[in-house]
Amino acid sequence: RSLFWLKLGTFQFALFRPVFMFLSTVLWTNGNYSLSNLSPKGAAIWISCFIAILTIIALWPVGIMFQQVRVLLNCKKIIPKFALYQFILILNHLQTAIINVLAAQRIIPCAPPLSSPARGAYISHQILIMEMFLITLISRVVYRRRYDELDPPECITEEAGVEKQTPILNVAVREDGL
């Protein structure tokens, strides 16, 4: 029963975040949604808060499961994998949110072809591209399989119990060459 609630806690994020993103897109096309409008009457602050709450609710079951399997999966490098997972989530959401708030408050100055929010989005995307490249390199080290450590059980039993035989090919050549 607890596992069901933990699964539901992570599933709700995958279900409701796209719904809120679709809702924000519909409100934006109607002119009711603007990231620069951070007043309590604006939709942007409420949708952002709900998405933040959904993220926290989704991370909580993952943290509980990590605490339960941490010792069992230590040989599979679960601790760096989980740390990398959390770092990516926090980096992706928190950094983008901070840059968007700075751009909405005009702290990030506008450059002539780009407005302040557009320049904030540009800076956010450029930083994320570089960070995700570095995270890709780190992920390669963390998630890489070591094939010399793997030893399939069927190979061990074959080598121990049965001697290997050389396969015999029974080939007959006919006069017509086939």
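For the single chain, residues carry numbers from 1 onward in sequence order.
- In terms of modelled atom types and a separation under 3.5 Å, the side chain of Gln95 and the main chain of Ser124 share no donor-acceptor contact.
- Side chains of Ile123 and Arg119 form a contact here, defined as non-hydrogen atoms less than 4.5 Å apart.
- Within the structure, the ring-ring contact (aromatic ring centres under 6.0 Å, His included) test picks out no pair touching residues 118-146 (sequence neighbours left out).
- Residues passing the side chain to side chain contact (heavy atoms under 4.5 Å, CB included) test with Tyr85, sequence neighbours excluded: Leu59, Val62, Phe82, Leu89.
- Within a 6.0 Å radius of NZ in Lys77, more than 12 heavy atoms belonging to other residues, nucleotides or ligands are found.
- Between Ser116 and Gln105 the shortest side-chain heavy-atom distance does not fall below 4.5 Å.
- Think of Ile56 as one node in a network of Ile, Leu, Val, Met, Phe, Trp and Tyr side chains linked at under 4.5 Å; it has no links at all.
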Worked verdict on Leu6 versus Trp60 for side chain to side chain contact (heavy atoms under 4.5 Å, CB included): CA-CA 8 Å; Leu6 293 174; Trp60 181 59; 5.5 Å; no

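- Contacts of Gln126 classified as side-chain hydrogen bond (donor to acceptor under 3.5 Å, both in side chains), with partners at least two apart in sequence or in another chain: none.
- Looking at Asn100, its side chain does come within 3.5 Å of a backbone N or O of Thr96 through a donor-acceptor pair.
- The shortest side-chain heavy-atom distance between Phe16 and Ile51 does not fall under the 4.5 Å cut-off.
- Cluster partners of Ile57, using a side-chain heavy-atom cutoff of under 4.5 Å among ILVMFWY residues and allowing indirect links, are Ile53.
- Counting heavy atoms from C-beta outward, Met65 and Leu3 have side chains that approach closer than 4.5 Å.
- Here Leu102 pairs with Ile98, Ile107, Ile108 under the side chain to side chain contact (heavy atoms under 4.5 Å, CB included) rule; sequence neighbours left out.
- Transitive grouping of hydrophobic side chains (ILVMFWY, heavy atoms separated by less than 4.5 Å) keeps Leu128 and Ile99 in distinct clusters.
- In this structure a side-chain-to-backbone donor-acceptor pair under 3.5 Å is missing from Ser48 to Ile45.
- Contact annotation: the side chain of Ile88 never approaches that of Glu131 to less than 4.5 Å [non-hydrogen atoms, C-beta and beyond].
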